[in-house]
Amino acid sequence: MHTGRLISFEGGEGSGKTTQLALLAAHLRKKGHSVLCTREPGGSPLGDRIRHLILDPPIEGSIMDSRTEFFLYLASRAQHVQRVVAPALKAGKIVLCDRFTDATIAYQGYGRGLPKKKIEAMMAFASYGLEPDLTFFLDIAPDAGLSRLSGRKEVNWMDQETLAFHEAVYAGYQALIQAYPKRIVVIAASERIEQVALQIREKIDAFL
């Protein structure tokens with residue numbers, strides 16, 4: 001039984017998750033909360049090595065199989081939950097995570113087309129049954145989000161997928177929002193950064 005809170009940030013490429021996560025962390029720390037910021041894939045030394053395998057551009061002539069990609073995500077998550085997230089929650093911290101289980105359903109289930117029932121079962125096993133207490137979905141149309149990536153330092157393999165792929169991922173997130181309306185809070189990510197941050201602060205203050 002953990003005493004902390006797991007807050008996840010979800011959204012397509014260019015939705016501003018990383019920026020908003022950092023702004024929320026600063027807000028919570030000002031209010032006296034102990035906060036851990038982390039991300040997936042990655043979040044641990046071993047997880048970060050797996051992240052590079054997943055997201056770095058493929059070796060010439062080699063394309064990663066969708067199941068291989070899925071299992072790498074699960075391996076990263078198992079290590080992340082057991083070594084980083086669970087201990088922080090046990091210590092009473094608020095954990096802010098840039099992507100978590102919803103991303104697996106959206107990207108691997110809807111984007112890659114892997115069977116969702118199997119994904120959910122294996123995902124629960126890899127995450128030790130851990131689910132977010134609250135999720136912020138930063139909502140922006142896929143084409144608008146992708147247009148924000150120009151000039152960004154870290155552009156990965158997923159960023160370079162087709163618009164059709166990102167539209168399928170977006171549809172996956174919409175299905176999750178319908179399935180978990182109490183947990184997933186939709187935030188209009190097309191607004192100015194300060195306005196988006198204000199929306200998130202109001203929601204988190206009410207939640208806590």
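Residue pairs meeting the ring-ring contact (aromatic ring centres under 6.0 Å, His included) criterion with at least one member in residues 9-37, sequence neighbours excluded: Phe9-Phe136. Residue pairs meeting the salt bridge (Lys or Arg N to Asp or Glu O under 4.0 Å) criterion with at least one partner in residues 175-184, sequence neighbours excluded, are Asp102-Arg183.
Among residues two or more places apart in sequence or in another chain, the ring pair (Phe, Tyr, Trp, His ring centres under 6.0 Å) test is passed with Tyr173 by Phe137. Partners of Lys31 according to the salt bridge (Lys or Arg N to Asp or Glu O under 4.0 Å) rule, which considers only residues two or more places apart in sequence or in another chain, are Asp205. In this structure Asp143 satisfies the salt bridge (Lys or Arg N to Asp or Glu O under 4.0 Å) test with no other residue, sequence neighbours excluded. Under the rule for a side-chain contact (heavy atoms from CB on, under 4.5 Å), the partners of Phe207 that lie at least two apart in sequence or sit in another chain are Arg5, Ile7, Asp133, Leu134, Ile204. Partners of Ser15 under the side-chain contact (heavy atoms from CB on, under 4.5 Å) rule, at least two apart in sequence or in another chain, are Lys17, Leu138, Ile140. Scanning for side-chain contact (heavy atoms from CB on, under 4.5 Å) contacts around Thr101 gives Arg77, Met123, Ser127, Pro132, with sequence neighbours left out. Every residue was checked against the salt bridge (Lys or Arg N to Asp or Glu O under 4.0 Å) condition with Glu202, not counting sequence neighbours, and none meets it. For Thr68, the side-chain contact (heavy atoms from CB on, under 4.5 Å) criterion is met by Met64, Asp65, Leu72, not counting sequence neighbours.
Placement of Phe125 and Leu46 in two distinct hydrophobic clusters is found when ILVMFWY residues are connected by side-chain heavy-atom separations under 4.5 Å, directly or transitively. There is a path of hydrophobic side-chain contacts, each under 4.5 Å, that joins Ile200 to Leu28. When hydrophobic clusters are built by joining Ile, Leu, Val, Met, Phe, Trp and Tyr residues whose side-chain heavy atoms come closer than 4.5 Å, directly or via intermediates, Leu6 is not grouped with Val185. Linking Ile, Leu, Val, Met, Phe, Trp and Tyr whenever their side-chain heavy atoms come within less than 4.5 Å leaves Val186 and Leu96 in two separate clusters. At a threshold of 4.5 Å between side-chain heavy atoms, the hydrophobic network of Ile, Leu, Val, Met, Phe, Trp and Tyr places Val84 and Val35 in two separate groups.
Using a 4.5 Å heavy-atom threshold, the side chains of Glu69 and Tyr107 count as separate. Annotation: side chain of Leu130 is in contact with side chain of Leu89 (closest heavy-atom distance under 4.5 Å). When side chains are defined from C-beta on, Gln195 does not count as touching Ile187, because their heavy atoms never get closer than 4.5 Å.
The distance from the NE2 atom of His80 to the CZ atom of Arg39 is 10.0 Å, given to the nearest 0.5 Å. For the atom pair Gln79 CD and Ser44 OG, the distance stands at 5.0 Å (nearest 0.5 Å). Once rounded to the nearest 0.5 Å, the distance linking CD of Gln174 with CD1 of Ile184 reads 9.5 Å. Atoms NZ and CZ, on Lys118 and Phe70 in that order, are 10.5 Å from each other to the nearest 0.5 Å.
The heavy-atom pair separating Phe100 from Ser8 by the smallest distance is CB-CB, 4.0 Å. Scanning both residues, Ala78 and Tyr128, for their nearest heavy atoms gives O-CE1, 4.0 Å. Here the closest non-hydrogen pair linking Ala188 and Val196 is O-CG2, 3.4 Å. Cys97 and Glu40 get closest at one heavy-atom pair: SG-CG, 4.1 Å. Nearest approach of Lys116 to Gly109, heavy atoms of both residues: NZ-O, 3.9 Å. Residues Gly111 and Val169 share a closest heavy-atom pair of CA-CG2, 4.0 Å.
Although no hydrogens or angles enter the test, the distance criterion places no donor-acceptor pair under 3.5 Å between the side chain of Ser76 and the main chain of Tyr73.
There is no side-chain donor-acceptor pair under 3.5 Å between Glu13 and His166.
Within a 6.0 Å radius of NZ in Lys203, no more than 12 heavy atoms belonging to other residues, nucleotides or ligands are found. Arg29 CZ: more than 12 foreign heavy atoms inside a 6.0 Å radius.
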Give every donor-acceptor pair under 3.5 Å between a side-chain atom in residues 18-26 and any protein atom, sequence neighbours left out.
unit_1	atom_1	unit_2	atom_2	d
Thr18	OG1	Asp98	OD2	2.7
Gln20	OE1	Ala197	N	3.3
Gln20	NE2	Ile193	O	3.2

